[in-house]
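Scroll down for the structure; my scribbles are underneath it.
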Protein chains: 2
Amino acid sequence: MNVETPRARYRQVADELRNAIKRGDYPQGEALPSQPELAKRYGLNQTSINRAIALLRAEGLVRVEHGRGAFVQEVPTVKRVRRIPRGDANGSSFAEEMRKAGLEPRSPLVELKTVPAPPVVAERLAIPEDDPVVMRKRHMFVGDRPVQLATSYMPLTVAGDESIALPDTGPTGLYRRLAERGHRITRFVEEIEARHPTPEEAEFLNLTEAQQILEVTRIAYTAEDTPAETVINVFPSQQWRLSYEWTAG
Amino acid sequence: MNVETPRARYRQVADELRNAIKRGDYPQGEALPSQPELAKRYGLNQTSINRAIALLRAEGLVRVEHGRGAFVQEVPTVKRVRRIPRGDANGSSFAEEMRKAGLEPRSPLVELKTVPAPPVVAERLAIPEDDPVVMRKRHMFVGDRPVQLATSYMPLTVAGDESIALPDTGPTGLYRRLAERGHRITRFVEEIEARHPTPEEAEFLNLTEAQQILEVTRIAYTAEDTPAETVINVFPSQQWRLSYEWTAG
DNA sequence: TAGTGGTCTAGACCACTGC
DNA sequence: CAGTGGTCTAGACCACTAA
């Protein structure tokens, strides 16, 4: 069962570089030696070195910039907490949580418009495909680093109009405004799935296709158990920890 | 920004194989053509084909058996649901959930013994390192397929002795027995993290190191807010969806 | 044994970056 | 321009599987 085959050389190189990074030989943000340099140092071909570095990339330990070099990834791990019960979906908003962690958050609104419901959204909101929905897309940064994508959809019949999503005060405010319009949110379902990023997600989040993201989909139901909103959050899995907290009985 | 470089050939091969699999040209469990065969078909070197297949492996679409071939992965997606509130940690047990999905589950007890608390466990249970803890390790299968690893730890002072983990009826029974001994569980915290598998995890779950797992760590707290138990669940991320469901205040 | 996948080389060419 | 990373080849050898 392949219990003790000698480890492939490129894996050994990856191991050594990984250890060197964790040991602090290459501080965060610093470039690793170039591939030809490493090839010489380890007595290997550049192809093999490239392969070793591909492993570190997939692990999220290293970020590569073509033509510039391979840099040790700064990975400020970020935690997202759901406290239940808590009156609403967010124990605290994204911004509060980041600031509590000593980080400066920004979450610009990228897009706000009414569109025909895409299939998955229609299914989650239990409405016919192509029914109009208000879509709100946000890019979230901590400092300069992109850390999260959030896209929310609401049936236009529930939202009334796009302005419900403004000012952009996050879910807490949104749910209050929904309640004012007669849609009281009483139940939430969040589904968590790991997958590889789409090319667009990979570009914004600065990921390789070999890496993974966590997709957290929330559906908010009204007292009549009608879906009123769904939110799709995309997190680079290496940067995030999700936490759920609740009390028994 | 590398927006439209022609896609690398090995990526194109991966794309075509991926589409062929999704189209059903290669049904689940069936072998792909051999690497030399594919190399001939696409006019590429075996090295490049190997690279293409490595991509599919990392995506979990293909399982490779050395010396035998590359097989289309059967991926029965499995869902784990937490319903809150629900009286205890599990809305329903692993076995119930699997059977509800029409799958035959087995979760043999692999190991049950008292050990000195490893550092992470000690931290989570808020006890000194190397204090004795009862460790229970289970391997979980659906049919013949390994799908999950679960390891739980309880301070020996809380457990009394190892027998509390027997008969192996899952957390519901366990928490009842804990309550009988004066440890009423009132609060739960689950943390979700994505990471690459350790070699042992990779072996049992039949994963590549390039793939990822979801690690769900639960801590159960008593009414006095003392940690009484911690469970570490390891799920192949491609096979699982996690779901949390709760009602608003 | 023949057929499978895994690794490695020596050399090449390309694309991207920064001077 | 020189230096960086990304891809590809032709050929080789190894380890594992099945007969």
Side-chain angles (χ1 to χ4, degrees), chain A residues 1-17 26 29-58 61-73 199 202-203 206-211, chain B residues 1-17 26 29-58 61-73 199 202-203 206-211:
Chain A
M1 252 301 171
N2 182 26
V3 173
E4 209 37 61
T5 314
R7 207 162 166 74
R9 314 260 324 257
Y10 77 96
R11 289 186 189 278
Q12 294 177 33
V13 172
D15 291 344
E16 292 200 25
L17 290 173
Y26 304 107
E30 185 153 313
L32 297 184
S34 76
Q35 293 185 3
E37 164 64 24
L38 288 170
K40 206 175 64 182
R41 187 180 305 182
Y42 288 104
L44 280 176
N45 196 289
Q46 186 193 330
T47 308
S48 299
I49 297 297
N50 187 288
R51 231 178 142 176
I53 292 192
L55 286 182
L56 301 180
R57 286 180 78 171
L61 237 103
V62 148
R63 159 183 50 93
V64 173
E65 296 184 25
H66 193 171
R68 301 225 309 131
F71 303 87
V72 177
Q73 181 69 291
E203 197 193 336
N206 190 21
L207 300 175
T208 317
E209 287 175 44
Q211 293 178 265
Chain B
M1 251 300 172
N2 182 25
V3 173
E4 209 37 62
T5 314
R7 208 164 165 73
R9 315 255 331 249
Y10 77 95
R11 289 185 189 279
Q12 294 177 32
V13 172
D15 292 343
E16 292 200 25
L17 290 173
Y26 304 106
E30 186 153 308
L32 296 184
S34 77
Q35 293 184 2
E37 164 65 22
L38 287 170
K40 207 174 62 182
R41 185 179 306 181
Y42 288 104
L44 280 177
N45 197 290
Q46 185 193 330
T47 309
S48 299
I49 297 296
N50 187 288
R51 232 179 141 176
I53 291 191
L55 286 182
L56 301 180
R57 287 181 78 172
L61 239 104
V62 148
R63 159 183 49 92
V64 173
E65 297 184 25
H66 193 170
R68 301 225 311 130
F71 302 88
V72 177
Q73 180 71 292
E203 197 192 337
N206 189 23
L207 299 175
T208 318
E209 286 176 44
Q211 292 176 265

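Chain A is the first sequence line, chain B the second, and so forth, proteins listed ahead of strands; every chain is numbered from 1.
Positionally, the nearest nucleotide of DNA chain C for A/Tyr10 lies more toward the 5' end than for the other of A/Tyr10 and A/Glu65. Toward the 5' end of DNA chain C, the nearer of the two residues B/His66 and B/Thr47, judged by each one's closest nucleotide, is B/His66.
Side chain of B/Gln46 to main chain of B/Ala39: no donor-acceptor pair is present (N/O by atom type, distance under 3.5 Å, no hydrogens or angles).
Within a heavy-atom distance below 4.0 Å of DNA chain D, the residues of residues 34-45 of chain B found are B/Gly43, B/Leu44, B/Asn45. For the segment residues 48-55 of chain A, residues with any heavy atom less than 4.0 angstrom from an atom of DNA chain D are, sorted by number, A/Asn50.
To the nearest angstrom, P of C/dA10 lies 11 Å from CZ of A/Arg9. Atoms CD (B/Gln46) and P (D/dA15) sit 16 Å apart, rounded to a whole Å. When rounded to the nearest whole Å, the span between CD of B/Gln12 and P of D/dT7 equals 12 Å. For the pair B/Arg63 CZ and D/dT17 C1', the computed distance is 15 Å after rounding to whole Å.
Here the closest non-hydrogen pair linking A/Phe71 and A/Gly29 is CD2-O, 3.4 Å. Across all non-hydrogen atoms, the minimal contact from B/Tyr42 to B/Arg9 is O-NH2, 3.5 Å. Between B/Leu56 and B/Ala14, the shortest heavy-atom contact is CD2-O, 3.8 Å.
Distances shorter than 4.0 Å separate some side-chain N or O of B/Arg57 from OP1 or OP2 on C/dG6. Between D/dT7 and B/Arg11, a contact under 4.0 Å exists linking OP1 or OP2 to a side-chain N or O. Contact annotation: B/Arg68 side-chain N/O to D/dA18 OP1/OP2 distance is under 4.0 Å.
Taking the salt bridge (charged side-chain N to carboxylate O under 4.0 Å, His left out) definition, one finds that A/Glu37 meets it with A/Arg41, sequence neighbours left out.
How far CD of A/Gln35 is from CD1 of A/Ile49: 7.5 Å, rounded to the nearest 0.5 Å. Rounding to the nearest 0.5 angstrom, the gap separating the CG atom in B/Asn50 from the CZ atom in B/Arg57 is 8.5 Å.
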A/Leu61 and A/Gln73: CA distance, side-chain angles, deciding distance, side chain to side chain contact (heavy atoms under 4.5 Å, CB included) verdict:
CA-CA 5 Å; A/Leu61 237 103; A/Gln73 181 69 291; 5.8 Å; no

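Between A/Leu38 and A/Ile53 the shortest side-chain heavy-atom distance falls below 4.5 Å.
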